[in-house]
Every structure is written in structure tokens, then in C-alpha cells.
Number of protein chains: 2
Amino acid sequence: MKTVQTRTKTAPSCVSCSKQGRGAFCGLSTDALTGLDRAKSFGTYPRGQILFQAGSRATGVHCLSSGIVKLYRVGAGGKEQILRLAGPGDLLGHRAVLGERLHDHDAEAMTDVEVCYLPADTLAPLMAAASPLVRSLVRKLVEEAAEVEGRLVERSQLRAEVRLTAFLLHLAGKGDGPARFELPLSRQELADYLGAAPETVIRALAHLSKKRLIKLEGRFVEVLDRVRLTSAAEQPAD
Amino acid sequence: MKTVQTRTKTAPSCVSCSKQGRGAFCGLSTDALTGLDRAKSFGTYPRGQILFQAGSRATGVHCLSSGIVKLYRVGAGGKEQILRLAGPGDLLGHRAVLGERLHDHDAEAMTDVEVCYLPADTLAPLMAAASPLVRSLVRKLVEEAAEVEGRLVERSQLRAEVRLTAFLLHLAGKGDGPARFELPLSRQELADYLGAAPETVIRALAHLSKKRLIKLEGRFVEVLDRVRLTSAAEQPAD
DNA sequence: CGTGGAGTTGACAAAGATCAATACTAGTGG
DNA sequence: CCACTAGTATTGATCTTTGTCAACTCCACG
């Protein structure tokens, strides 16, 4: 887990890199590619090196030249969920830059890697030049991608009842008093959303009900104890 | 599941719609918003109506004005996985339009809904005006989002061994002869990728090995019978 | 009144997690 | 060159969670 970066090797040109077919910038004109070449820097990192971490500010986009990088989130209990394995030609950190948000996952080199680095400064003017409508759509895309990834992590790390609880809290909204609302989904659809069997969902609802965290009347849900419900959505136990 | 569309109600203006805070276009200028108003059409659909289906061509973007729409994929065995519940202000179908690809999920109205519709034609020039680099990045974003969603569906509908099998085939690449490659991941990382315990992964590997579908030598994997391995990645059974 | 669909409950089986013990491997320092 | 050690991989036993199947209830609606 050393934090060394060497710069002995010379950077590959985006032009030739793109000729090899794979990679993010393949369709671009030679002009655009030489532009990238001018703006970018190049470096190598040893296996185990962290390229960026969740919560940190994105300062630019990495483009992997050789090696493999794993992108992952750490869920409750320290369990990792690998979101993506990036290989040569793949981009890292573009989501945070395009969405103008903090990184929401970690990136670690699984092998020694060579990466090009494109500072956000060179991307910002290009984004600024785009129509506000497009920028707004891009931001939406990024948010949605982050949300699905969150669900992927939940799905294999949280029990069905905990996922249900979190979903109920989401539906109940931000307020902190008790809340009453109508489920917009049937039990079957609830199951389809949570990734479980309908029976499992029903039993989980019954369990929450018996614990007096919610009150059930058909599709109507009343949150009786928001505090305990919230803690139930965080703790795998009980 | 009727396929009626009425147009009695009058469309809400994007300007006032955006004033309510939520929604995709909130940060936009009044100019841009009145531009949207000119381009868009408006309609209402009854509960149960399909707005678009996976595999169909995207002709524009929907913006939900009232009601709830479920976006879902249908996995093996006809089991639905709800990807997202869209409410007022949410966008539908933007991924396909921005990524210039077919819809990869279905959209169905869960309640009666009112939606505005922005034809792709009005978006295309805006995208075309953006830098090719940005367009390329957007395409990447869309592809990645689609992939994570696929993994979400897999996660709750396919057994661990099947997920592993599919992943091995992915790593083995496109060729159709036998293939030999080195796993770039440890058993633990394999587990972190697939969303399983390392022991489960090891046992699944051992099982595939016993069935003579692969040969294992530490991190090296040899695909012995690609055909049967492929069918094992599709069939939940056995 | 039926009739059908959604919801609920119980019994059981299957998949997978967890725990514990053991093997294997590569690097380290004598 | 040989133990020694730490990390990784493997295996078996057991427990938990969840899925599956079947019966049964509860309405809403014709």
C-alpha cells in the first residue's frame, strides 16, 4: 500500500492509443486527440495504490493505459462490493467530474498500472460550452448511476427486511414526526423492487408491525417510531 | 392494459413546473424552459399503460408531470426487477436518447399519469453542439449505467454459481475455442465482485471443475467446454 | 352468491453465510 | 537450504435467510 508515483516511462499518445479500438476516446478526431495529449499527464502506480477514495474531491479523469483497477464501495461491516473492473482504455473518476460531485467509490490498482490523467480544468470549459439542458441531463445520469450502484451494494449486503425498512423510510420522506402514506406498489411489486419473494416482503412487514415500528392497513403504512425504524435500517442485527 | 391516450388536459408549463423545486430542469433559465415548452407535447395515460419497452427505439424523452411510473427489466423466468420508481419531475427514456441506443427496460404507468414529451429531434441538435469529447463521455456513462443495472438484475435472480459462470465467460472473451487465462482477482475479490462469500465462490469453482467445464490451477482458468459453460450461465437449473 | 385476484400464513427445501480447522504458498531470516 | 510466518485457498459442519409450495382468507365486483 505504498504511495509512490514514478514518471520514468513516457506517456503513450492518445492518437495511437485510440487506434487500438478499445477505449473511451476512439471515435474522436485526431485533432481532439492531440488536444488531449497536450493536456494530460502520465504516471505509473504500483499494485495496491489507491487512485482516489470515496468522499474526496474529483480533480480530473484517469484513463487507464495498462493494468487493472478495481472500483468498489465499502458497505456496512466493511464488506467491499466491486462495482467495476477497469482495464486498458477504461475511464476512472469521470462520473464525479461530469456530475460535479465527490467520488462515491474507491479506486485501487490491482496490478501495477499506467494511467493518463486529464485534469478537470481542461474538461470544465468543454462542459461549460455544452447546452445547460444537456448538462442537466448529464447530472441526472450521474445521479441515477450512483443510486443504482447503491442498490447493488445493498442487495448483497443487507437482509431483505433491512432493505424494506430503508425503502419505507425513503417513501415516508424527510420529516421526522410520524408519517402515514399509501404504498404505491402491490406486495408483488414491492418484492420486485427489493429483489425478494412477495412472501418474504409480507413477513418482513408483519415483523416490523409486530415490533410496533409501523402500523399496516392494507397499502397504508404508518411510521410509528421513526427513530427505531431508522436504526433498524442500519443494523443488520435483530 | 389499454393503449389509449387522451389529450384533454392542457400541458403545464416547464417554467412553473420547474419552480416547484424538484424535477430535472430546475436549474435552467426561463429562456431554456420556454424553449422546452414550445417543443414538447403533453398527454395522459391510464394506469397499466406501457410507455415504452426494452428493445424499442427511443424517439424522445418523457418528463413525468403527475403519477408514478415503474421502470423495470424482465429477467430470466419472467421475473421483474424494478429499477426505478419515477415520480413527478422525473425523466424517462433519457438514457436511450443520450446514449443513442435502444431502450433497455420497460416503463409502465402504475397510476394514471400525465407526462410531457420531448422529441429526440429537439435534443439532437443540442447534443450535436456539444464537444465530441463530452458526447463520448456521456455515451460511456450510459453504457456503464446499463451494465450496473444488469448486474442488479442478476444479483437477485441468478444463483451465485451462475453469476460466476457468466463472469468467467466474460473474462474468457469472445473467441469460441477453449481459452486459458489468469484471474486478475483473488478469491476474496471474486466474491466481492459477485456479491457472495469467498467460500461460496470456491465451492462453485470446484463444482464447475468437477463437471469438467473448466480446469483450475490456482489463478489460472482453462475453459474446457465453452458450449456447456455458456448454457450453464443461462440455466438456473443443475 | 360465486369467482378471481391479492394478501397472508405455515411447512418445508434450498442457497448461501458463517465458523472452524487445515492445507498450501511465497517470502524472510537464520 | 531450511524452518517460520503470514496470507491465501480449501474443506467440512452447521445455522440463517430466503425461496417455494400449498392452503386459506379477504374483499371487490359482476
Side-chain angles (χ1 to χ4, degrees), chain A residues 1-2 46-48 70 75-81 110-111 153-167 182-210 214-221 232 235-238, chain B residues 1 47-48 75-81 110 153-167 182-210 214-221 232 235-238:
Chain A
M1 208 67 86
K2 292 158 264 176
R47 167 186 165 82
K70 68 170 172 181
K79 193 166 165 50
E80 287 186 10
Q81 169 64 53
M110 297 181 65
T111 63
V153 176
E154 275 191 349
R155 186 64 53 95
S156 33
Q157 301 195 355
L158 268 35
R159 284 180 310 116
E161 182 172 329
V162 178
R163 302 200 300 271
L164 169 65
T165 305
F167 184 50
E182 182 177 3
L183 284 174
L185 318 85
S186 69
R187 302 295 195 249
Q188 176 68 58
E189 286 170 328
L190 214 36
D192 288 341
Y193 183 85
L194 296 171
E199 292 93 331
T200 302
V201 173
I202 287 170
R203 283 186 244 269
L205 282 171
H207 187 218
L208 292 177
S209 200
K210 187 149 48 194
I214 63 172
K215 189 141 76 101
L216 266 185
E217 286 164 29
R219 284 197 177 196
F220 285 90
V221 178
Q235 308 220 354
D238 184 75
Chain B
M1 211 66 85
R47 167 187 166 81
K79 192 166 163 50
E80 288 186 8
Q81 168 65 53
M110 299 181 64
V153 177
E154 276 191 348
R155 186 63 54 94
S156 32
Q157 300 195 355
L158 269 35
R159 286 182 309 116
E161 184 173 328
V162 178
R163 302 201 299 272
L164 169 65
T165 305
F167 184 49
E182 181 177 3
L183 284 173
L185 318 85
S186 69
R187 302 296 195 249
Q188 175 68 57
E189 287 170 327
L190 213 38
D192 288 341
Y193 183 85
L194 296 171
E199 293 93 332
T200 303
V201 172
I202 287 170
R203 283 185 243 270
L205 282 171
H207 187 218
L208 292 177
S209 200
K210 189 149 44 192
I214 63 173
K215 190 142 75 98
L216 266 185
E217 287 164 26
R219 284 197 177 196
F220 285 89
V221 178
Q235 307 221 354
D238 184 73

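Chain letters run A, B, ... following the sequence lines, proteins first, then strands; residues in each count from 1. Below, each value reflects all heavy atoms present in this structure, side chains not excepted, and no hydrogens, waters or symmetry copies.
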5'-most contact on DNA chain C (nearest-nucleotide basis), Arg219(A) vs Glu199(B), goes to Arg219(A)

Can you measure Leu205(A) atom CG to dT18(D) atom P for me and round it to whole angstrom units? 14 Å

Without decimals, in angstroms, what is the distance between Ile202(B) CD1 and dC19(C) C1'? 14 Å

Measure the distance from CG on Leu158(A) to P on dT16(D) and round it to the nearest whole Å. 19 Å

Using modelled atom types and a 3.5 Å cut-off, is there a donor and acceptor pairing between side-chain atoms of Gln157(A) and backbone atoms of Lys79(A)? yes

Gln157(B) has an atom CD; how far is it from atom P of dT18(D), in whole Å? 16 Å

Side-chain-base donor-acceptor pair under 3.5 Å for Arg203(A) and dG19(D): no

Going through the distances and angles, do Leu185(A) and Met110(B) end up as a side-chain contact (heavy atoms from CB on, under 4.5 Å)? CA-CA 8 Å; Leu185(A) 318 85; Met110(B) 299 181 64; 4.0 Å; yes

Round to the nearest Å and state the distance from Arg159(B) atom CZ to dA13(C) atom P. 18 Å

Leu205(B) backbone acceptor or donor facing Ser209(B) side chain under 3.5 Å: no

Please confirm whether the shortest side-chain N or O distance from Thr200(A) to OP1 or OP2 of dT18(D) is below 4.0 Å. no

Could you state the atom-to-atom distance from NE2 of His207(A) to C1' of dT9(C) in whole Å? 16 Å

Here's a test of your reading of the structure: between Lys79(A) and Arg187(A), which maps to the more 5' nucleotide of DNA chain C? Arg187(A)

Working note: Glu217(A) + Lys215(A), criterion salt bridge (Lys or Arg N to Asp or Glu O under 4.0 Å); need CA distance, chi angles, decisive distance, verdict. CA-CA 7 Å; Glu217(A) 286 164 29; Lys215(A) 189 141 76 101; 3.5 Å; yes

Provide, to the nearest angstrom, the distance between the CG atom belonging to Leu194(B) and the P atom belonging to dA15(C). 17 Å

State whether the side chain of Arg219(A) and the backbone N or O of Glu182(A) hold a donor-acceptor pair below 3.5 Å, judged by distance alone. no

Round to a whole Å and report the spacing from NZ of Lys210(A) to C1' of dT8(C). 12 Å

dG7(C), dA17(C), dT11(D): which one has an atom nearest the side-chain heavy atoms of Ala196(B)? dA17(C)

Can a donor-acceptor pair under 3.5 Å be found between the side-chain atoms of Arg163(A) and the base atoms of dT18(D)? no

